[in-house]
Amino acid sequence: MYQVAVYGKGGIGKSTMSANISVALAGMGLKVLQVGCDPKHDSTRLLLGGRSQTTVLDYVRTVPLGKRTLDDVIVEGSKGVLCAEAGGPEPGIGCAGRGILTTFDTLKKLGADSLPTDVRIYDVLGDVVCGGFAVPLRGEYADGVILVTSGEFMSLYAANNIMKGIANFDTGKPRVIGIIQNSRGVEKEDEMVSRFAEATGVDVIAVIPRDRTFAEAESNGHTVREMFPDSDLSMRVDSIAMRIIDVRDGVRCAVNPHPLDDDQLSDLAAGRPIRAGTGKVTGRVGCTGCHHRTSIKETKVMSSCAAYGAVAAYLKMNDVKVILHGPVSCMYMMDTSRNKAVLDLYQKDLFQVRPHHNLVCTCMDDTVSIFGGNHLLERSLEEAVSSGSKRIAVVTTCMPGIIGDDCGTLIDRFSSEHPDIHIDYIPADGDIQGEYTDGYMMAAESIADIIDTSVEPEEGLVNLIGTSFFDLHSRENLDSLTTMLSRFGLSENCRFLDETSSEKVVDYCRASIDMMVSDTPQSRELADIVRRRTGREPFPHAIPGGLYSYEEWLDALGERMDRKEEAKQEIQRVEGLYDSFVSSHRDRFSGKRIILVNKMNNNIDWLIDLLRDLGADIVRVGVAPNPRRKVMRAVTRHTDLITEDYTDEMLSSDLDSLGPDLLVSDIARHVTGRCRFARFTKVGLGVEPTLRYAEYLENIMRLPAEEGWKRGLRL
Ligand code: SF4
């Protein structure tokens, strides 16, 4: 089977031409299938006596997968030509290009490839050469390409774009059969097309004059080739059909075109001689930015997408219904990686999970990606409202962004119809707005908007600020925080953001102190958001880990709450504890060479201080490259010790040249046999957990550098 893609600007007559060619080929005894790939789906109308047929995309939208058959979307027209129409979405909605891709996939799955056809004609809109409309140019489809153009500049411009598209799908074989000039009667039309053809190196295989015969045949629902078989026009159509057969049979050659660059197009438009081209190859731009990677573990493009970050932030509000506008796969990814975030799906018969009362997905499928998905978002909003939700957050994934769903207008309209419902809209569009933390901060900014800044503060209440409340999800740490705060007469007001509610966020200003739960770049960004919203300065010390931070925190809080005596007593207690630990463990650490690698940007000053007090020799503190490093710089007191942008290659070299006794890192490392390895995570609050962690390091250093079982028979 030989496949031909007929491309041309919208309205240039490519459908008329395709139908005539199909009839001509059929008249020569060939079995032809014509596939219309224009959303206005009128390619095959002249082959069907003026009738239209069911489009593949309408069929896909309305008929379930298991009930589809090829016969429903392919019908026989004049001269036995088989006809199919892709169809497409309403103008301005969805993605017609994606629809072309779906049409080709659907026809293939339904068995179109096994039809006994000799030639297949794809009639394709050539104004937009996005990935979808370029599908027929792929090597698996078009063996040959015909360009239909008039002498109008925009028509030639479209033809030139198709030629550029062909270069992106280079099959190694010349594929352009030629240009059909479908005349519009513009001034110097023949000359314009000839100049273009000559400059691009493509033959004009037919000149079709402007002729009322076409209109006459079409008004009767037929092709000229069928209705006026002996006309001059039919002779010209036959010559095109013969050319196709000749190229198919190798009697004539197709060519590789030389599309014009911008300067050459200007010359063409201005009627000047067309200057020589730049000679640059027009084609797919290869990626040169990545070095070779051998495993996904080495590839960290982004920790996760902005949509996921925004969802994660809203799931910390227990009274906000979160609508993830996107496909199930996005939700599945978020569910899987989040573990405890369990999601409620609309189509529960497709995917069974334990329902989570806060999160739903609009479940956009492939059909929606073609026809637009706003109706699904609207349905989700209505369901959320009818289930009693008063606060809703809509987070968009990549799909609505790619297909251009106008969610903002829909949400505005919905909000005006439901003035009692508060809807936050986070147009994360997946990763367009950045990575996980960017999406998280967008959501946090929106959540902070509901803080009522007129609420008067009360003594004795504290707000806790942080993106991660991991430390407080253990009973032990929560108890120690309660003890630490109650020493100063404080109790929690609102966690921004964790296990909270809109009511608590609205009343955020009831607390007299805002305090970061841990000192990380993310917590600092969050504190900035709250500062901008409330105009209040957060307490300058995060809830501490390690002796020195704890002492500073106690001093400052004692001063602030006028409880200096309580602070002093606690400082004396922990100093005694710390000194005694250091003196009894110092001999284990003294002189030990230690490398610290901090990939997650947590504040590890407590660890540096403790190891130094224990007499260890910290030979390197490496901090991995991180887009948020500007904030990171401020997170440590030990900037003089830190090597920024510390890579795995640098670590490997340090392991050889510095000969450390121990590597401590917050991500798993493969250092078997080169030195001992210990993992650090957040250890807890105050002093005691850090001393327990030092005991863990001590135990690691007692072990052989390489575990025996890993060496197998060598032991
Ligand atoms: S929103 Fe985009 S980046 Fe995020 S999971 Fe979905 S497809 Fe991936």
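Not measured: the values here are computed from a predicted model. In each ligand, atom 1 is the first atom listed, and ligand 1 is the first ligand listed.
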S.K.: Verify whether one side chain among Ser502 and Asp319 offers a donor that lies under 3.5 Å from an acceptor in the other.
M.R.: yes
S.K.: Distance-only, no hydrogens or angles: does the Lys316 side chain make a donor-acceptor pair with backbone N or O of Thr467 under 3.5 Å?
M.R.: yes
S.K.: Going by side-chain contact (heavy atoms from CB on, under 4.5 Å), name the residues that satisfy it together with Ala393, two or more places apart in sequence or in a different chain.
M.R.: Tyr314, Val320, Asp424
S.K.: In chain order, what residues pass the side-chain contact (heavy atoms from CB on, under 4.5 Å) check against Asp412, with sequence neighbours excluded?
M.R.: none
S.K.: If the condition is ring pair (Phe, Tyr, Trp, His ring centres under 6.0 Å), which residues does Tyr157 pass it with, not counting sequence neighbours?
M.R.: none
S.K.: State, without any angle test, whether His325 and Thr396 hold a side-chain donor-acceptor pair at a distance under 3.5 Å.
M.R.: no
S.K.: Does the protein place a non-hydrogen atom closer than 4.0 angstrom to atom 6 (Fe) of ligand 1?
M.R.: yes
S.K.: Taking 2.8 Å as the limit, list every protein N, O or S atom around atom 4 (Fe) of ligand 1, by chain and residue number.
M.R.: Cys305 SG
